Participant: 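Handing you this structure, nothing more for now.
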Amino acid sequence: MSADGPIGALTLLTPIAPGTEQRSFLGSTAAWLTGFLEGADAEGSDAAPDRAHDTLRTLREPFLTVDDGWRITYLNEEAERLLGPGREWFGSPLWDSPAGGVPGLEDRCRRAFADGTPAAFTGQWSADRPLLLVRCVPSRAGGSALSFTDVVDLEERDPETGAAEPPVAMWTARMDRLTAGLSEAVTSKDIVRTVAEHLLPAFHADGMGIEVLEGGRLQVVGEVGYPQDYLRSVASVEVQDLPDIARALRTRTPLFIESGAGFTDLNPEYKAYLDMSPMKAWAFLPLTTSGRVIGICVVTYRQPHVFNDDERALMAASSGVVAQALERARLYDVEHARAQGLQRALLPKTLPDLPAVQAAARYLPVGVDEEVGGDWYDVIPLSADRVAMVIGDVMGHGIEEAATMGRLRTAVRTLAELEMPAAELFGRLNELVVDLSEGFFVTCLYAVFDPVAQTCTICSAGHPAPVVVRPDGTVEQPPLDPDPPLGVAVPPFTTYELSLPGEHVLVFFTDGLVETAARDMDQGQTVLRHTLGEEMAGQGPGLPGHGSEAARFLDGLCDRVVSVLVPDGERTTDDAALLIALTRCTAPDEVASFDLPDAPQAAGQARQHVRDQLAVWGLEELTMSTELLVSELVGNVVRHAKGPIRLRLLRSRSLICEVYDGSLSTPRIRRAEYTDEDGRGLYLVSELCRRWGARYLAEGKCIWAEQDIPPA
């Protein structure tokens, strides 16, 4: 195509097939070029737009960009020659240039801009001029871009449509797709996948890798096209240790090695690694953004490859686009890692394996971005082998909600370990939520399983009831009427009691597990119950025993529930927490209870009961310490409290001694002076046992003490 002479009349021909009307890279770079040419980003500008500008300026295809008023904002050298030398076209309306006299051009361009879709058609400037492909591409940032390509120069075809496509149009279309893909990439791994998907076909390359600079060393983000055996063999080789590559990083200049011999000439000591490598040509592209090198992108070929000037220029321009996307993704990776660390720190690292309860849990963050949220769960051991199970949901997502969740989880543990009844615990928790912020609302369910009484006491503040799997495999969900969420509730809170004899499975969950955009809460709970029923039917009669068998059962049940309620690839609309607990009641022969008179002789009778019962259990070596414990506890009741008095012994993983009385007075350890004749009883109790405490009942209190059982 000739580049000199005035523009003549253009005869428009039949439009090109729709498949060739691809979005051009010019559409996404028009705003770049306009801003940089007008100095709109003079401060802190990046090298990437400059490289794109230089590349597009020197390409051999004429193109120009216009703003929304159709004023020319950019021309490359070929377009300047096409419109005619000796005149400044910047700022002039397109229709005032020689191109404005082309029949039908204005109508096509305005229609493309109004529809927001590219237009492509062929035509001739005059009968003696070459046939041209004219493209008008509206920019997402405003304005449009026009290119003019000699049809004789069409050398390649669009791999998707098979339609003929000029080289520069091919490059710009692929670069536009790369830019669009990178704009949607979130993590560094996403960047690697996007670059491999778009950059390798554009340059007909066979492999690539991206490494980031951290602490002065390059760390691999991802690689494509290399066998794993080779990657393992060269894991100890540092790219920055190769002098020429290190120089490329230091000077921010791309390095192109077109053959294995060229690589060996530069790095003879690495010939052995080269012999193992499937690649025979390399383009090392420093990734530079904000005036600093953040890493390197390596594009590789399985055969020797000669890099022409256009390839070198476009690879350099591509590296700038990749660098900006990678920098953004690295910031996300850092913040995401911090958020995940916070979430892990706030949730239990492991769940305790207790005599009465064995549990497993899952936490699913919202969506693909995996933001932190306010869902939590916990399993808290209490006295007398009782276990508290809690699950809650702070409404909303983000660091603030996660921090609130952490404070509430700590508060629940503290109040639970004070042996506070469920309704009173919720009253205190409600006050805490109100004090934290007026904008926070929390749903929560608190359940205490008593293996001796074979009951589970439940209190719910706006939270769905747990699903109960009975020993015979039947699945039910008790019809609890929950109180309003914490933060808007008004005490008192309602307490429910379930009878759970034998072994049961309790399934606690937050609404994010059962409720999605395509499924409401009731439908989700129906699916959950159906899934549990199917699993129990396949399990066979009875529930698994304790230990590893139960752990495998619970983990498998968690995985099955998650796979059904939140299938792979489906985005959750809310955080989801799942807690599944296997409960076991205490065998009758592991509990012994004795009524005692409200008189001084009660201590002697208690010691006799201890001797007899420990002999039955084969725990005679604990007789002396246990006699002393119950003597002090019963004596305190006789002196400072009131009856009725009852002694209860439980044999579990520890020996538990409990003394019940009818008083609500709180026992406290005090410092006894040398001359004091009493005041040392509770001090002796604390020294003789592993832990001790008191819990309060409707009719009085219970003081308990636990001793370790010596190994057999």
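Note that the coordinates shown come from a computational prediction; the quantities given were computed from them, not determined experimentally. In what follows, every heavy atom counts, from backbone to side chain, and hydrogens, waters and symmetry copies are set aside. Residue numbers count from 1 along this sequence.
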Participant: At their closest point, which heavy atom of Met315 faces which heavy atom of Val299, and how far apart are they?
Facilitator: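 Scanning both residues completely, I find the closest heavy atoms to be CE-CG1, 4.2 Å.
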
Participant: Would you call the rings of Trp95 and Trp70 parallel, tilted or perpendicular, where under 30° means parallel and over 60° means perpendicular?
Facilitator: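 Trp95 and Trp70: tilted rings.
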
Participant: Sort and list the pairs that fulfil salt bridge (Lys or Arg N to Asp or Glu O under 4.0 Å) and have at least one residue in residues 319-331, not counting sequence neighbours.
Facilitator: Arg292-Glu327, Glu327-Arg330

Participant: To the closest 0.5 Å, what do you measure between CD (Glu78) and OG (Ser147)?
Facilitator: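 Atom-to-atom, Glu78:CD and Ser147:OG are 12.5 Å apart.
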
Participant: Are the side chains of Asp206 and Gln303 in touch, meaning some heavy atoms are under 4.5 Å apart?
Facilitator: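 No, side chains not in contact.
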
Participant: For the backbone of Ala323 and the side chain of Thr289, can you confirm whether one donor and one acceptor N or O come within less than 3.5 Å of each other?
Facilitator: no

Participant: Run the side chain to side chain contact (heavy atoms under 4.5 Å, CB included) test against Asp511 and tell me which residues pass, sequence neighbours left out.
Facilitator: Asp393, Glu515, Met521, Asp574

Participant: Minimum heavy-atom separation for Phe284 to Ile296, with atom names?
Facilitator: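 Taking Phe284 first and Ile296 second, the nearest heavy atoms are CB-CD1, 3.8 Å.
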
Participant: Would Arg111 and Asp115 satisfy salt bridge (Lys or Arg N to Asp or Glu O under 4.0 Å), going step by step from the backbone distance to the final call?
Facilitator: CA-CA 6 Å; Arg111 193 186 314 160; Asp115 296 341; 5.8 Å; no

Participant: Here's a test for you: under side-chain contact (heavy atoms from CB on, under 4.5 Å), which of Val321, Val322, Val224 qualifies with Val195?
Facilitator: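 Running side-chain contact (heavy atoms from CB on, under 4.5 Å) over Val321, Val322, Val224 with Val195 returns exactly one hit, Val322.
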
Participant: Does some side-chain heavy atom of Leu565 sit less than 4.5 Å from a side-chain heavy atom of Arg519?
Facilitator: yes

Participant: Find the distance between CG (Leu285) and SG (Cys297) and round it off to the nearest 0.5 Å.
Facilitator: 5.5 Å

Participant: For the CG atom on Asp309, are there more than 12 heavy atoms of other groups (residues, nucleotides or ligands in this structure) within a distance under 6.0 Å?
Facilitator: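 At most 12 heavy atoms, drawn from other residues, nucleotides or ligands, come within 6.0 Å of this atom.
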
Participant: Would you say the side chain of Arg362 lies within less than 4.5 Å of the side chain of Asp559, judging by non-hydrogen atoms?
Facilitator: yes

Participant: State, to 0.1 Å, how close Gly143 and Asp68 come at their nearest heavy-atom pair, and which atoms those are.
Facilitator: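 Scanning both residues completely, I find the closest heavy atoms to be N-OD1, 2.6 Å.
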
Participant: Would you say the side chain of Phe203 lies within less than 4.5 Å of the side chain of Ser318, judging by non-hydrogen atoms?
Facilitator: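 Result yes, sub-4.5 Å side-chain heavy-atom pair found.
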
Participant: Contact between Leu200 and Met208 at the side-chain level, heavy atoms closer than 4.5 Å - yes or no?
Facilitator: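 Yes, close enough: below the 4.5 Å cut-off.
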
Participant: Ignoring hydrogens and angles, tell me if any N or O in the side chain of Thr253 forms a donor-acceptor pair with the backbone of Thr251 under 3.5 Å.
Facilitator: yes

Participant: Can you give me the closest heavy-atom contact between Leu213 and Val293, atom names plus distance?
Facilitator: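 That closest heavy-atom pairing would be CD2-O, 3.8 Å.
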
Participant: Can you tell me how far apart CE (Met279) and CZ (Arg302) are? Round to the nearest 0.5 Å.
Facilitator: 4.5 Å

Participant: The criterion is side chain to side chain contact (heavy atoms under 4.5 Å, CB included); which residues satisfy it with Ser259, sequence neighbours excluded?
Facilitator: Ala261, Pro304

Participant: For Phe307, give me all partners under ring pair (Phe, Tyr, Trp, His ring centres under 6.0 Å), at least two apart in sequence or on another chain.
Facilitator: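 Here the qualifying residues are Phe256, Tyr301, His305.
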
Participant: Which pair of heavy atoms, one from Ala361 and one from Tyr377, lies closest together, and at what distance?
Facilitator: CB-CE1, 3.4 Å

Participant: Picking from Thr288, Leu326, Val212, what satisfies side-chain contact (heavy atoms from CB on, under 4.5 Å) with Ile294?
Facilitator: Leu326

Participant: Is there a side-chain contact between Ile210 and Ile191 in this structure, where contact means two heavy atoms from C-beta onward sitting under 4.5 Å apart?
Facilitator: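 Ile210 vs Ile191: side chains touch.
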
Participant: With a 4.5 Å cut-off on side-chain heavy atoms, are Val564 and Val527 touching?
Facilitator: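 A side-chain contact exists here, since the closest heavy-atom pair is under 4.5 Å.
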
Participant: Is Leu75 close to Phe90 at the side-chain level, that is, under 4.5 Å between some pair of heavy atoms?
Facilitator: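 Phe90 reaches Leu75 side chain to side chain.
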
Participant: Using salt bridge (charged side-chain N to carboxylate O under 4.0 Å, His left out) as the criterion, list what pairs up with Asp190, not counting sequence neighbours.
Facilitator: Arg193

Participant: Who pairs with Val220 by side chain to side chain contact (heavy atoms under 4.5 Å, CB included), at least two apart in sequence or on another chain?
Facilitator: Glu211, Glu223

Participant: Which atoms form the tightest heavy-atom contact between Leu146 and Cys109, and what is the distance?
Facilitator: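 Shortest heavy-atom contact: CD2-SG, 3.7 Å.
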
